[in-house]
Amino acid sequence: MGLYLDYNASAPMIQSSIDAMVGSMQILGNPSSIHSSGRKAKSAIEDSRELVAETIGALPQNIIFTSGATESNALAFKYADNMKVITSAIEHDSVLKQKADSIIIPVTKDGVVDIQCLEECLYKNKDDKLFVSIMAVNNETGIIQPIEEVSKICHKYNATLHVDAVQAIGRIKISMQELNIDLLTISSHKIGGPKGIGCLAVSDRIYYSLSPIILGGGQERGIRAGTEAVSQIIGFGVAAKYSREFNLLKTKKSRNDLENNILKLIPDIEIIGKNSPRVANTSSIAFKNILAENLVIALDIEGYEVSSGSACSSGKVSESHVLLAMGFDSSIVQGSIRISLCRSLDESEILLFCNTLYKIIQKLLKKRKIKE
Ligand code: PMP
């Protein structure tokens with residue numbers, strides 16, 4: 001028996017989203033065509049736009065469908081072309097790699113953006129046009145960022161606020177309007193929808209100042225050219241609707257039981273962000289004297305799929321910039337894995353996983369001793 005424990009890398013699709021997509025394959029028209037088949041496709045897209053908008057407290061006309069969060073982040077940063085960009089040290093690479101001269105705000109040892117430092121930075125640069133990009137929830141640690149406070153500070157200094165909320169949707173409530181967020185990124189495959197689709201939600205205030213990165217037809221009100229991915233958009237809409245109802249209370253209990261069981265078997269571990277506000281499904285654990293890659297492979301052989309550091313960058317054996325930014329030293333960072341739950345687990349599943357993990361750790365430590 002194995003378990004897929006890598007929800008934050010890509011969530012299993014929910015059945016209603018699959019069903020809606022399969023049904024949508026029969027939709028014939030191009031949404032830009034004015035005949036009946038075209039209008040049918042267009043209308044299905046608009047229904048999904050409403051579902052996505054309602055999930056994030058935005059208006060349907062604020063939603064621009066994209067190929068996913070990476071493109072949404074790039075589009076948001078296109079708006080920042082001539083602005084001074086301030087972002088945090090724990091952002092996803094699709095934010096960090098956008099602008100080489102971005103000012104990087106550190107995080108505290110608890111993995112939370114240093115608000116005082118952000119305010120000082122905004123004050124120091126208050127005469128510039130400012131663009132701030134801070135994620136809502138970190139993908140590796142699950143640590144929740146103080147977006148309400150960030151938003152207040154940003155607007156005090158007239159800065160535009162972009163939030164990468166990819167790991168927040170379906171985990172915590174995020175309302176673009178209530179939080180006064182200017183640009184918000186989400187991705188479908190992190191909430192049980194299909195891969196290759198996401199959106200950038202843009203407030204009315206700045207919509208007409210946006211520039212496209214993909215030029216061509218006038219789709220998405222001129223901001224994102226190209227025939228819309230109708231089936232993906234439909235699957236995304238359904239997943240966005242259901243994500244409003246995800247109840248993570250049981251998942252949180254499973255995550256906590258899992259951590260406590262591991263701690264009992266292997267006391268010498270570091271549970272990253274244990275005392276920070278965290279989303280319910282994520283656990284980032286560092287094992288001493290272990291190389292995470294070896295652990296991930298050994299767990300996979302037993303049928304358990306987890307990731308080392310950020311799965312988006314797996315394949316590259318690089319240390320997690322998130323954990324380094326939190327001040328952990330290399331030896332801790334190298335032995336850290338991320339377990340992210342898709343659902344609550346029963347007691348026997350937790351025990352079996354923990355026992356398997358324990359045996360693997362013992363084996364790896366033994367091998368290491370022999371090599372030394
Ligand atoms: N931002 C965050 C916080 C993410 O976790 C990810 C995916 N790991 C992305 C952006 C990129 O998302 P996508 O796969 O939709 O391009």
task = Go through the steps to decide whether Asp204 and Asn62 satisfy the test side chain to side chain donor-acceptor pair (under 3.5 Å), and finish with yes or no.
result = CA-CA 7 Å; Asp204 289 334; Asn62 301 140; 2.9 Å; yes
query = Can you list the steps and then say if Ser336 with Phe287 is a side-chain contact (heavy atoms from CB on, under 4.5 Å)?
reply = CA-CA 6 Å; Ser336 75; Phe287 297 87; over 6 Å; no
inquiry  = Quick check against the 3.5 Å criterion: does Ser102 have a side-chain atom that pairs as donor or acceptor with the backbone of Thr87?
reply    = no
task = Before accepting this row, confirm whether a basic side-chain N of the pair Glu91/Lys97 lies closer than 4.0 Å to the acidic partner's carboxylate O.
result = no
key: Closest contact, heavy atoms only, Ser187 versus Phe236   = C-CE1, 4.4 Å
query = Any side-chain heavy-atom pair from Cys199 and Ile64 closer than 4.5 angstrom?
reply = no
key: salt_bridge(Glu71, Arg224) N-O dist < 4.0 Å   = yes
inquiry  = Side chains of Val137 and Ile143, heavy atoms from C-beta outward: is any pair under 4.5 Å?
reply    = no
request  = Any chance you could lay out the salt bridge (Lys or Arg N to Asp or Glu O under 4.0 Å) test for Glu178 and Lys173, step after step, and finish with the verdict?
outcome  = CA-CA 11 Å; Glu178 276 171 28; Lys173 190 173 171 273; 3.5 Å; yes
task = Compute whether any side-chain donor of one residue and acceptor of the other, for Thr108 and Asp110, lie under 3.5 angstrom apart.
result = no
ask   = Is there side-chain contact between Leu96 and His321, with at least one heavy-atom pair below 4.5 Å?
value = yes
request  = Output yes when Glu259 and Arg278 qualify as a salt bridge under the 4.0 Å nitrogen-oxygen rule, no when they do not.
outcome  = yes
query = When the aromatic ring centroids of Tyr4 and Tyr304 are compared, is their separation below 6.0 Å?
reply = no
key: Criterion side-chain contact (heavy atoms from CB on, under 4.5 Å) on Arg205 and Asp182, from CA distance to verdict   = CA-CA 8 Å; Arg205 187 175 77 79; Asp182 299 300; 3.1 Å; yes
task = Could you tell me whether Glu46 and Arg49 make a salt bridge, using a distance below 4.0 angstrom between a side-chain N and a carboxylate O?
result = yes
request  = Write down the atom of Val113, the atom of Gln145, and the distance for their closest heavy-atom approach.
outcome  = N-OE1, 2.8 Å
task = Determine whether the side chains of Ser72 and Thr185 contain a donor N or O and an acceptor N or O closer than 3.5 Å.
result = no
message = Do Arg171 and Ile191 make a side-chain contact, defined as non-hydrogen atoms from C-beta onward lying under 4.5 Å apart?
response = yes
request  = Verify whether one side chain among Glu319 and Gln334 offers a donor that lies under 3.5 Å from an acceptor in the other.
outcome  = yes
request  = Answer yes or no: is there a donor N or O on one side and an acceptor on the other, between the side chain of His155 and the main chain of Asn158, under 3.5 Å?
outcome  = no
key: Over 12 non-hydrogen atoms of neighbours within 6.0 angstrom of OH in Tyr157   = yes
Straight-line distance of Lys190 NZ to Ser340 OG, nearest 0.5 Å = 9.0 Å
key: Donor-acceptor contact present, side-chain Ser33 to main-chain Gly29, <3.5 Å   = no
message = Salt bridge check, Lys99 against Asp101: does any charged N sit closer than 4.0 Å to a carboxylate O?
response = yes
request  = Would you check if the side chain of Asp346 reaches a backbone N or O of Glu349 as a donor-acceptor pair within less than 3.5 Å?
outcome  = yes
request  = Any chance you could lay out the side-chain contact (heavy atoms from CB on, under 4.5 Å) test for Ile63 and Val202, step after step, and finish with the verdict?
outcome  = CA-CA 7 Å; Ile63 305 294; Val202 186; over 6 Å; no
key: Enclosure of Lys288 NZ (heavy-atom neighbours >12, cutoff 6.0 Å)   = yes
query = What's the shortest heavy-atom distance between Ser211 and Lys78, and which atoms?
reply = O-CG, 3.4 Å
request  = Establish, from distance only, whether the side-chain atoms of Asn73 and His162 form a donor-acceptor pair under 3.5 Å.
outcome  = yes
ask   = Is it the case that Thr282 and Asn8 place a side-chain donor and acceptor less than 3.5 Å from each other?
value = yes
task = Before accepting this row, confirm whether a basic side-chain N of the pair Lys359/Glu302 lies closer than 4.0 Å to the acidic partner's carboxylate O.
result = no
inquiry  = Between His92 and Ser94, do the side chains contain a donor N or O and an acceptor N or O under 3.5 Å apart?
reply    = yes
query = Just by distance, do the side chain of Asn260 and the backbone of Asn256 share a donor-acceptor pair under 3.5 Å?
reply = yes
key: Flag side-chain contact, heavy atom, 4.5 Å: Phe353 against Leu5   = yes
Any side-chain heavy-atom pair of Ile105 and Val132 under 4.5 Å = no
query = Linking I/L/V/M/F/W/Y whenever their side-chain heavy atoms sit closer than 4.5 Å, directly or via other members, would Leu200 and Val166 fall into one cluster?
reply = no
task = Verify the neighbour count for atom CG of Leu215: are there more than 12 heavy atoms of other residues, nucleotides or ligands below 6.0 Å?
result = yes
key: Salt bridge Asp6-Arg338, side-chain N to carboxylate O under 4.0 Å   = yes
ask   = Any Lys/Arg nitrogen of Lys124 or Glu119 sitting under 4.0 Å from an Asp/Glu carboxylate oxygen of the other?
value = no
key: Non-neighbouring partners of Asn125 that pass side-chain hydrogen bond (donor to acceptor under 3.5 Å, both in side chains), sequence neighbours left out   = Lys84
request  = Specify the closest pair of heavy atoms between Arg255 and Val279, including all atoms of both residues, with the distance to one decimal.
outcome  = NH1-O, 2.9 Å
Hydrophobic cluster membership, Leu118 vs Phe131, 4.5 Å side-chain cutoff = no
query = Is the backbone of Ile233 close enough, under 3.5 Å, to the side chain of Ser48 for a donor and an acceptor to pair up by distance?
reply = yes
query = Same cluster or not: are Leu258 and Ile272 linked, directly or through other Ile, Leu, Val, Met, Phe, Trp or Tyr residues, by side-chain heavy atoms under 4.5 angstrom apart?
reply = no
request  = Look at atom NZ of Lys363 and say whether more than 12 heavy atoms of other residues, nucleotides or ligands are closer to it than 6.0 Å.
outcome  = no
ask   = Is there a donor-acceptor pair closer than 3.5 Å between any side-chain N or O of Ser188 and the backbone N or O of Lys195?
value = no
query = Judged by modelled atom types alone, do Ser284 and Glu140 share a side-chain donor-acceptor pair under 3.5 Å?
reply = no
ask   = More than 12 foreign heavy atoms under 6.0 Å from CG of Asp329: is that the case here?
value = yes
task = Check step by step if side-chain contact (heavy atoms from CB on, under 4.5 Å) holds for Cys154 and Thr160.
result = CA-CA 7 Å; Cys154 283; Thr160 298; over 6 Å; no
query = Between the main-chain N or O of Tyr207 and the side-chain N or O of Arg221, is there a donor-acceptor pair closer than 3.5 Å?
reply = no
message = For Gly237 versus Val52, what's the shortest heavy-atom pair and its separation?
response = CA-CG2, 4.1 Å
note = Taking every heavy atom of Ala240 against every heavy atom of Thr55, the minimum-distance pair comes out as O-OG1, 3.0 Å
message = Can you confirm whether Ser308 sits close enough to Leu295 that some side-chain heavy atom of one is under 4.5 Å from a side-chain heavy atom of the other?
response = no
query = Ignoring hydrogens and geometry, is there a side-chain-to-backbone donor-acceptor pair from Ser320 to Val322 under 3.5 Å?
reply = yes
task = Side-chain contact test, heavy atoms from C-beta onward, threshold under 4.5 Å: evaluate it for Val150 versus Ile115 and give yes or no.
result = yes
ask   = Heavy-atom count around Gln116 CD within 6.0 Å, excluding the residue itself: above 12?
value = no
